[in-house]
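As structure tokens, the structure follows; a few thoughts come after it.
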Amino acid sequence: MTHLRPVNQKAARIAHEAAEARRRAAQADGRVVALQDGPAAPPKAEGPHIPMGCSFVFYPGWEVDANGGTAGLCQPVERDLFDCHLGCFWPAQVPDQLNHAPDWTSKCAAAQKDWRKVDLIFP
Amino acid sequence: MTEIALGECHPFEAAGRHFLYLVPSAAVFALDDTSAAVVDTLRGQQLAPADLMARLAGRFERAEVEATLSELAGARAILPVDPARAAEPPPAPAPNIIPLTPIPLSTLVVNVTNRCNLSCAYCYEYGEDKIAEPTAGGMPKLMSEETARESVDFMIERSGNSPVVRLTFFGGETLLNFAVLEKTIPYARARAAEAGKRVEFSLTTNGTLLRPEVIEFLADNDVGVTISIDGPKEMQDKFRVFHDGRGSYDVVAPKVRELLKRHRSRPIGARVTLTSDVLDITRIYRHLTDEIGFWEVGFAPVTTSPGRAHAIGETGFESMLSQFRALGQEFLEAALEGRRHGFSNVRDTIEELHKGASKALPCGAGLGLMGVATNGDVALCHRFAGSDDHKLGTVREGVDGAMQEAFLDAHHIDRKTDCRTCWARPLCAGGCYHEAHTRYGTTEAANLHYCEWIRGWTESCLEIYGEIAERNPAFLRQFDPPAPPATEVNDDASEAR
């Protein structure tokens, strides 16, 4: 701090906390948390916000959970997203097979082998 | 568009510099020209950041102002305000947190007797404002040796893992039961040693019974002593009289001089009760320090319901404040030269300011401090000892934890709506429960009759603190951890009777 100078002990603690918060914010800025980073440090209250689980937030980078692993995801990442249309109670990330794209998975007998045949659908 | 406004704070000036006392964090920051200008511009109004920049343009670089705003925001000295939501009620305060359950006891005040050999007209125990008849319901006049030992056991057991416990003897006139006190101290020492703790002793007395053997005992056992005394003869004898109306000064003064000569291991303090007739603070201070030799002197206005002859009226509070300020200046001059000054009201407040104390509760009563009546009943503090309405348990059966928590929750600062916007609440927190009970009939009331005085005095102490921090910061090191060796006489229970 240059424009405020902590005088008492409480002010010194606040200044320290504010500096820490700025440092953490600078670190988290633009940072992608991914598997190759290894296990993340235990989450801190003010750390970058990483949602638990897979599906509702569909951005690259969410293939890991808040601890840097896959255990917290609602289904194994290897089956995501294709399995959304079979196993998930909330298949919002896949085409609407009832009304709009009934043949979406017709060429895909086994996802492990045929996943490349599941194509993009543009509504 | 979001605007910014000052958070709760109290700006003040000292040593030609601007400071900010933040509420409720109780942090003190010194401001430079830029931050002082930002704070000044935002006083009493909220502005969009662009407007603020425009007003400060020409005087300060834009980048400087931006950096200042970010620092002020980091310290919560300024807050974003959405004008569209200004009409909405403020969010409900966070729930009151009662810390550290079960709460360790740090000080136990044991009323070894409820009798007294003086009849001070203003006494809260015997006077017109008494809470309970001292001997009602078969309450013994003297605490038995057994109850005193049980109190010690209770204290050790309740002190959790804290390495030091403080045992304070109180009354009535404490030394009327010297026989029990004399036996309890070695017992407490032995019990504390078994538990791997250290115990510190102190007592408050009116000084009339300081016989040579008593003085020897107190000195040999490092017992901290606080003397209730009101000043020179004409002031002391106004209220502090024997049952036959005779003044007590001529009995007390020589005995106190003997005590001060012999007892050098702990600082001896005087505790003065200010009343409508005894308000010449500077003269009292001079007499007690220069002429009698006390190490320090603490003053407190008498606790009384309004309208009593000895109650301090409005003009009395004003006079008291200006005299406190004058003596506070003396304290400041001494502190700037690195000398000690015995005006303990300033010293105690400076210490709390330096640590940044922000109180959820006004004092430790019912929290880390409890009082024991002569029959072993445990009350909030010594002032409530013997009152059935304020009983938390007994030393034999322990304290009702649910009742204790309910008490602390009910008296939390967030429940005192009158205090919600007061900048002095981190230190005051609504004030003494006993004072509130005497004045308003309930411990839950805030002591609104002395708000102006508290704010005035806190402001003065902030200025003294700012001056010291600016001009002789080395003086404040005594309040930094690790704590200096005990020089405190004025603990929570060192009060006049």
Side-chain angles (χ1 to χ4, degrees), chain A residues 1-34 37-53 55-62 64-68 71-74 90 92, chain B residues 7 9 12 14-15 17-39 60-61 63-78 350-358 426-427 462 465-470 473 476-477 479-481:
Chain A
M1 288 190 161
T2 51
H3 301 282
L4 294 183
R5 181 167 52 78
V7 178
N8 67 356
Q9 292 170 14
K10 184 67 75 63
R13 298 219 300 272
I14 288 176
H16 176 76
E17 270 305 309
E20 280 292 296
R22 270 198 305 278
R23 192 184 58 74
R24 279 196 300 268
Q27 263 186 6
D29 191 30
R31 187 159 176 254
V32 175
V33 180
D37 290 349
K44 296 209 175 70
E46 288 93 3
H49 175 68
I50 303 167
M52 257 332 233
S55 56
F56 298 163
V57 187
F58 185 35
Y59 296 114
W62 298 135
V64 289
D65 66 22
N67 295 314
L73 304 180
C74 81
W90 185 249
Chain B
C9 63
F12 65 99
R17 184 180 257 291
H18 294 273
F19 291 86
L20 209 51
Y21 179 62
L22 299 181
V23 182
S25 71
V28 178
F29 284 97
L31 307 179
D32 70 352
D33 290 346
T34 323
S35 49
V38 169
V39 168
F60 303 100
E61 300 267 341
E64 289 289 290
V65 177
E66 274 169 2
T68 304
L69 287 178
S70 141
E71 288 182 17
L72 286 168
R76 306 276 193 281
I78 56 170
I350 296 285
E351 178 167 5
E352 288 192 320
L353 286 175
H354 186 61
K355 291 182 173 157
S358 182
L427 285 186
L462 279 171
Y465 178 69
E467 290 275 344
I468 297 175
E470 216 39 40
L476 299 171
R477 275 191 213 124
F479 306 125
D480 284 334

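Numbered from 1 within each chain, the chains take letters A, B, ... in sequence-line order. Treat the numbers as computed from the prediction; the structure is a model and nothing was measured. For the numbers below, each heavy atom of this structure counts, side chains included, while hydrogens, waters and symmetry mates do not.
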Considering non-hydrogen atoms only, spot the tightest contact between [X] and [Y] and give its length.
X: B/A30; Y: A/V7; result: N-CG2, 3.5 Å
X: B/F479; Y: A/Q9; result: O-NE2, 3.1 Å
X: B/E71; Y: A/H3; result: OE1-N, 2.9 Å
X: B/S25; Y: A/K10; result: O-NZ, 2.9 Å

Exercise. Where the side chain of A/N8 meets the backbone of B/A26, is there a donor-acceptor pair that is under 3.5 Å apart?
Worked result: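 The answer is yes, because a donor-acceptor pair under 3.5 Å joins these two groups.
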Problem set entry | Per-residue contact mode, B/E64 against chain A (heavy atom under 4.5 angstrom) | both
Exercise. Checking B/L353 against chain A: side chain, backbone, both or neither under 4.5 Å from a heavy atom?
Worked result: backbone
For this session: Among the options B/S35, B/A469, B/S358, B/G74, pick out the one with the most heavy-atom pairs lying under 4.5 Å from chain A.
Result: B/S35
Problem set entry | Region of A/I14 that comes under 4.5 Å of a non-hydrogen atom in chain B | side chain
Exercise. Is atom CD of A/E20 surrounded by more than 12 heavy atoms (other residues, nucleotides or ligands) closer than 6.0 Å?
Worked result: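 It does: A/E20 CD has more than 12 such atoms within range.
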For this session: Run the salt-bridge test on B/R76 and A/E17 with the 4.0 Å N-O cut-off and return the result as yes or no.
Result: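 Between A/E17 and B/R76 there is no salt bridge, as every charged N stays at least 4.0 Å from the carboxylate O atoms.
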